[in-house]
Amino acid sequence: MPKQTLSLRERQQEQGRADIIGAALEIIAESGPQAVSIDRLAEMAHMARATVYARFPDGLDAIISETYRSIGRDLTQRCQSLVSPATPWREVLMTWAREFFAVSAQPRVGTFYNLVGPRLVAASGATGGGSEATLQVFVGSLDNAVRAGELDSSAPVRAIARMLVGALRESGMAIARGELDGEESLEAFGWLVGALTATAGR
């Protein structure tokens, strides 16, 4: 089905939403999520308060939730741009880990994405979607490892993928709290991935 062309009005509305989310990300990076307000968003996005509410009728909570989801979407898109179908499965996993840890290490954005945002989004009844997207990529990568004979065919692929995603999340939270170093965490994740192939053929 051909992609539907947006009208000028719809494009302006989408751009307005993007401008608001961009302003929210900038405020979070500078001052943390508690500094985000409708007044400050309107000022930074160069629009009236009424326009902010027109783009997000549910107000600040909806903006914060969408900002959280936008970080996950951007992270996924960046990872996808760094790999291809020919990329070895181990490198795919390491690419996702490296980019995720890089986001987690950003002083305020990392705290928002790993610690504050998930609670706010869960309270609103919405979902972030980032972990699910990562899970699907990891399942596909491990399936490729099985087909290549580099992972035992009896391996519970989906369960392993979910555990790896859980390890990323836990490490991301620790990095955001300043308890772990991003490079050290990436090295540790590499050990986990390496341990999977160490048992192949046994």
Side-chain angles (χ1 to χ4, degrees), residues 24-34 64-65 67-122 126-146 148 150-152 155-200:
L25 282 170
E26 188 172 342
I27 294 169
I28 290 169
E30 290 178 352
S31 307
Q34 74 283 350
I64 292 295
S65 293
T67 302
Y68 170 74
R69 287 190 289 269
S70 76
I71 297 174
R73 286 196 301 269
D74 290 347
L75 175 61
T76 298
Q77 290 169 3
R78 187 162 60 254
C79 290
Q80 290 172 338
S81 73
L82 294 171
V83 300
S84 74
T87 303
W89 66 272
R90 296 180 191 81
E91 189 172 334
V92 173
L93 300 183
M94 295 304 294
T95 296
W96 250 257
R98 181 168 49 252
E99 295 302 315
F100 177 68
F101 292 156
V103 170
S104 301
Q106 296 178 35
R108 295 173 186 85
V109 173
T111 299
F112 173 66
Y113 188 57
N114 287 284
L115 303 174
V116 180
R119 292 197 297 269
L120 295 175
V121 171
T127 59
S131 292
E132 184 61 30
T134 303
L135 176 63
Q136 296 308 317
V137 170
F138 280 23
V139 168
S141 296
L142 294 176
D143 280 338
N144 288 339
V146 170
E150 297 177 3
L151 184 62
D152 196 290
V157 165
R158 191 168 186 84
I160 293 171
R162 192 172 294 278
M163 288 182 177
L164 290 175
V165 172
L168 285 185
R169 268 296 181 192
E170 286 295 322
S171 296
M173 289 189 287
I175 291 169
R177 289 192 295 261
E179 298 169 357
L180 280 179
D181 173 77
E183 289 299 321
E184 182 182 22
S185 298
L186 184 62
E187 181 182 0
F189 190 77
W191 277 89
L192 288 179
V193 173
L196 292 175
T197 59
T199 59

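These numbers come from a predicted model, not from an experiment. Only this structure's heavy atoms are used, side chains among them; waters, hydrogens and symmetry mates stay out.
Side-chain contact between R78 and V103 is present, with at least one heavy-atom pair separated by less than 4.5 Å. Residues T197 and W89 meet the side-chain proximity criterion, which asks for heavy atoms closer than 4.5 Å. Between T134 and L164, the closest side-chain pair of non-hydrogen atoms is not below 4.5 Å. Inter-residue side-chain proximity for R158 and Q136 is flagged as met; some heavy-atom pair is nearer than 4.5 Å.
Minimum interatomic distance between L93 and S141 (heavy atoms only, all atoms of both residues): CD2-CB, 3.9 Å. Residues R90 and V193 share a closest heavy-atom pair of CG-CG1, 4.0 Å. The nearest pair of heavy atoms linking A176 to L115 is CB-CD1, 4.1 Å. When all heavy atoms are compared, the tightest approach of P33 to I28 is CA-CG1, 3.8 Å. Contact record, S131 with R169: OG-NE, 3.2 Å, taken as the closest heavy-atom pair. Residues L186 and A97 approach most closely at CD1-CB, 3.8 Å, considering heavy atoms.
Between Y68 and Y113, the ring-plane angle classifies as tilted under the 30° and 60° cut-offs. Taking the six-membered ring for Trp and thresholds of 30 and 60 degrees, F101 and F189 have ring planes more than 60 degrees apart, a perpendicular arrangement.
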Q: Start with the C-alpha distance between L196 and E150, add both sets of side-chain angles, then the distance that settles side chain to side chain contact (heavy atoms under 4.5 Å, CB included), and finish with yes or no.
A: CA-CA 9 Å; L196 292 175; E150 297 177 3; over 6 Å; no
Q.
Test side chain to side chain contact (heavy atoms under 4.5 Å, CB included) on L82 and C79; report intermediate values, then the result.
A. CA-CA 5 Å; L82 294 171; C79 290; 5.6 Å; no
Q: Would you please test W96 and V165 for side chain to side chain contact (heavy atoms under 4.5 Å, CB included) and show each step?
A: CA-CA 10 Å; W96 250 257; V165 172; over 6 Å; no
Q | Verdict with reasoning, R73 to T76, per side chain to side chain contact (heavy atoms under 4.5 Å, CB included) | A | CA-CA 5 Å; R73 286 196 301 269; T76 298; 5.8 Å; no
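Residues satisfying the salt bridge (Lys or Arg N to Asp or Glu O under 4.0 Å) criterion with E26, sequence neighbours excluded, are absent altogether.
Once rounded to the nearest 0.5 Å, the distance linking CD of Q80 with OG1 of T95 reads 12.0 Å. Atom CG in L75 sits 7.0 Å away from atom CD in E99 (nearest 0.5 Å). Considering CD1 of I71 and CG of N114, their distance stands at 9.0 Å, rounded to 0.5 Å. Rounding to the nearest 0.5 Å gives a distance of 11.5 Å between CD of Q106 and CD1 of I175. Interatomic distance, L25 CG to D74 CG, rounded to the nearest 0.5 Å: 7.5 Å.
A donor-acceptor contact shorter than 3.5 Å is absent between the side chain of S171 and the backbone of L168. Remark: side-chain polar atoms of R108 are paired, donor with acceptor, to backbone N or O of E30 under 3.5 angstrom.
Residues in residues 184-195 take part in no side chain to side chain donor-acceptor pair (under 3.5 Å) pair, two or more places apart or across chains.
Within 6.0 Å of atom CD in E183, 12 or fewer heavy atoms from other residues, nucleotides or ligands are found, so the atom counts as exposed in its surroundings.
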